[in-house]
Protein chains: 2
Amino acid sequence: MYYLSLYYVCRKDVMATIYDLAKALGVSQTTVANALKGKSNVSVETRRRVLEYAQKVGYRPNVLARALTQRRTLTLAFMLPTIANPFYPEIAEEIECIARKHNYQVVFCNTHNDGELGRQYLDRLVSRWVDGVIVMGLSMNLADLEAQFQQSLPIVLCDWQENEQSAIIPQVSVDFKLAGQLAARHLLTLGHRRMAIIVDLPLQTLRFEGFRLTLEEAGLQLAPEMIQQGNSELASGYSAAQRLFALEHPPTAIFAANDWMAIGAMEAAYDMGLQVPRDVSIIGLDDIVVSAHMRPPLTTIAISKQQLAKAATELLLKQLNKIEDIASSVLVPPTLLPRPSTTVPPVDGEKQNA
Amino acid sequence: MYYLSLYYVCRKDVMATIYDLAKALGVSQTTVANALKGKSNVSVETRRRVLEYAQKVGYRPNVLARALTQRRTLTLAFMLPTIANPFYPEIAEEIECIARKHNYQVVFCNTHNDGELGRQYLDRLVSRWVDGVIVMGLSMNLADLEAQFQQSLPIVLCDWQENEQSAIIPQVSVDFKLAGQLAARHLLTLGHRRMAIIVDLPLQTLRFEGFRLTLEEAGLQLAPEMIQQGNSELASGYSAAQRLFALEHPPTAIFAANDWMAIGAMEAAYDMGLQVPRDVSIIGLDDIVVSAHMRPPLTTIAISKQQLAKAATELLLKQLNKIEDIASSVLVPPTLLPRPSTTVPPVDGEKQNA
DNA sequence: TTGAAAGCGCTAACAT
DNA sequence: ATGTTAGCGCTTTCAA
């Protein structure tokens, strides 16, 4: 049973303050404070007494009061579309871990790609004096962010939508053009000639361009029906793939511009009786955790979440510490991660008429 | 290019305070404060002027200062083993969403099941005057939590390890015994007689017992070799399944006590040339997002993350608001979610000698 | 080595 | 309807 009222005491009653310590020990607040934070201008004996007593009564500094005078809260905010998107948890984990090591805590804000909600959040974060903000995806209006940035709120954009840049806010980006190139080269190397892409335009412009241009350099044109629009969700990958498989000359390989759509495409293949990779190769982009556990495991262009998170957090911490030689932006290179979902094209004539 | 130093101004310089407003308008702080928070004891004209001016200079209340006097920060903490575990993101999302609607922000703490780290976190949270804490999994030592709870830090345990209970801290739990029963009944209904379980004992005792007892009620004993120890990770499900398939009389169905291990078991089946569900049925528990997208989609005992998160957050908010009639704990019922990974047992004699 | 006093921005009790 | 005052718990001069 649980009776809150029986033993409820306000935390105020159990939290000792510096003043309490000072009074009990017959010294001044200043001395207690100095002793507590290890300054040298306190006699050995006094320090011992202070520390001992603080320990005894379980003294905890009130970080709020400290924040009020020091004008910093040791709090960072992490704004993202939604933590339920499997791309983000690993990043969140890493950010929090690095932040913790620097004594920062992190609050997270799921903006659901809602600009209005994002603005509200930002307002609140400013009111709460968070020391800095990491913003991912397209979780906000850039203009709102830039306004706050110029009001001197430290911000870092991380993996911001690739068709937009900020002229003033430091940015950590993935080299998505390279990602598209890597995907194209991988398929070309395997011998594919008839390839398709499932892509969320205009948001994923760079990876699209990287893919398209690399094919062109190899003398291949990406026909319009080989470019299928998705919306980054699994289901859109599924239906886009269905459209591709229904073509008179379906592709022998599909590059889905993120893993989630690639997984949808694999489902579509199965449901239409096709075998991956025997009948069609599929390659994704992101390397979310589950991709390794699909049947077959998904070949993908991997983005190092750790690298992204680390770069973003460190860039932000540099701003906070006013380190002047800030690298204004960081470009994280993706890497090819070959797995069984891609292989050489099928040899039966039907699919060779590219 | 990015030159912080060129336009850097301390936020202090751009943030107006109540005092600033009062001075500029020639009224007292109290009046400004009252006008701002819509109290009735301010003349219409004065209120208009205050609001207008506040708007003009972009006044934002300093939540820190407010927190210092009101002794609450409108901040909740969410402690969990790691957000990278696919079970948690949906819950985190939901908690944050509900908290936001009540004007709370949430900080998250990945404890990595490290009791020492957990204690550090808790210490910090207390120092920062978070208003309350939701603790999931076995991310902490219960004793540390109970100590803080008795020092009047509001806490809710959510999906706490099932082999442990707190006598004093309110708790939201999944009815894991029922979960085990549902799994057993489902397999029994399909006609299985030779079943195995992959389980992380003693942590998953309840689901184990629910499963075992239901089989016994049906007249079936769970032989020792049909109980394989896992550690909740995918790889452990894989190797446990391998051991099962290597038995002289392998099971026709496997209950993996979480989805992640179930997925590992499916991989093992494939790698040993077995077809799921034709040769062996597999059922999991959790319903993580990816389970629906495996090949075949995984039958599972679903836990509603929304329900868990909602119950936990509301229970916590009730504590914060000192609502006395607190339900000391909530039990969330799981549900069977049939998908193609389970079917009737194979008919070939070889596997019928249970 | 120690202490006194002012202030961070707000709230709340108590005047006027 | 408006103002005065005293904190919240800490940091930070400036004195002693």
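Excluded from the calculations below are hydrogen atoms, water molecules and symmetry mates; all remaining heavy atoms, backbone and side chain alike, are included. Here the structure is a predicted model, which is why all the values come from computation and not from measurement. Numbers restart at 1 for each chain; the letters A, B, ... are given by sequence-line order, proteins then strands.
- Ionic pairing of A:Glu314 and A:Lys310 is present here: one or more N-O contacts between side-chain nitrogen and carboxylate oxygen are shorter than 4.0 angstrom.
- Among the nucleotides C:dT2, C:dT11, D:dG3, the one closest to any side-chain atom of B:Thr31 is D:dG3.
- The nearest whole Å value for the distance from the CG atom in B:Leu21 to the P atom in D:dT2 is 15 Å.
- Taking 4.0 Å as the cut-off between side-chain N and carboxylate O, A:Arg119 and A:Glu116 count as a salt-bridged pair.
- Nucleic acid contact class of A:Asn41 (heavy atoms, under 4.0 Å, all strands): base.
- For A:Tyr59, a side-chain nitrogen or oxygen approaches OP1 or OP2 of D:dC10 to under 4.0 Å.
- Taking the side chain of B:Ala33 as heavy atoms from C-beta on, and the options C:dT2, C:dT11, D:dC10, the nearest nucleotide is C:dT11.
- Side-chain proximity of A:Gln70 to C:dC10, D:dT11, C:dC8: nearest is D:dT11.
- What separates CG of A:Leu68 from P of D:dG9 is a distance of 12 Å, to the nearest Å.
- Across all strands shown, A:Ser40 has heavy atoms under 4.0 Å from sugar-phosphate atoms exclusively, and none from any base.
- Taking a cutoff of 4.0 Å between a charged side-chain nitrogen and a carboxylate oxygen, B:Glu45 and B:Arg48 qualify as a salt bridge.
- Atom CG in B:Asn62 sits about 13 Å away from atom C1' in D:dC8, given to the nearest Å.
- Comparing atom distances between the A:Ser43 side chain and each of C:dG3, C:dT2, D:dG9 picks out C:dT2 as nearest.
- In this structure, of C:dT11, D:dG9, D:dT11, it is D:dT11 that holds the atom nearest to the side chain of A:Gln29.
- Considering only the side chain of B:Thr30, C:dA13 comes nearest among D:dC10, C:dA13, D:dT2.
- A:Gln171 and A:Ser166 share no side-chain donor-acceptor pair at under 3.5 Å.
- B:Trp129 places its CH2 atom 7 Å from the P atom of D:dG9, with the value rounded to the nearest Å.
- Under a 4.0 Å N-O distance rule, the pair A:Arg72/A:Asp131 does not qualify as a salt bridge.
- Of all nucleotides listed (D:dG9, D:dT2, C:dT2), D:dT2 comes nearest to the side chain of B:Thr46.
- The nearest whole Å value for the distance from the CG atom in A:Leu64 to the C1' atom in C:dC8 is 13 Å.
- Side-chain polar atoms of A:Glu93 and B:His112 form a donor-acceptor pair below 3.5 angstrom.
- Here the C1' atom of nucleotide D:dC8 and the CZ atom of B:Arg72 are 15 Å apart, to the nearest Å.
- Taking atom CZ of A:Arg71 as the reference point, atom C1' of C:dG7 lies 11 Å away to the nearest angstrom.
- One atom, CG of A:Leu36, and another, P of C:dT2, lie 14 Å apart when rounded to the nearest Å.
- With D:dC10, C:dC10, C:dT2 as the choices, the nucleotide that has an atom nearest any side-chain atom of A:Ser28 turns out to be C:dT2.
- Counting any heavy atom pair closer than 4.0 Å across all strands shown, A:Val27 reaches sugar-phosphate atoms only and no base atom.
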| request: Output, in order, the C-alpha distance, side-chain angles, deciding distance and verdict of side chain to side chain contact (heavy atoms under 4.5 Å, CB included) for B:Phe87 and B:Leu308. | output: CA-CA 12 Å; B:Phe87 184 70; B:Leu308 265 182; 4.2 Å; yes
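- Among the nucleotides C:dT2, C:dG9, D:dT11, the one closest to any side-chain atom of A:Lys37 is D:dT11.
- Two residues, B:Val44 and A:Pro61, neighbour DNA chain D, and the one matched to the more 5' nucleotide by heavy-atom proximity is B:Val44.
- A:Ser28 places a side-chain N or O within donor-acceptor distance of the main-chain N or O of A:Thr31, the cut-off being under 3.5 Å.
- Between the two ends of the helix from C:dT1-D:dA16 to C:dT16-D:dA1, each summarised by a five-pair axis, the helix axis turns through 40° (rounded to 10 degrees).
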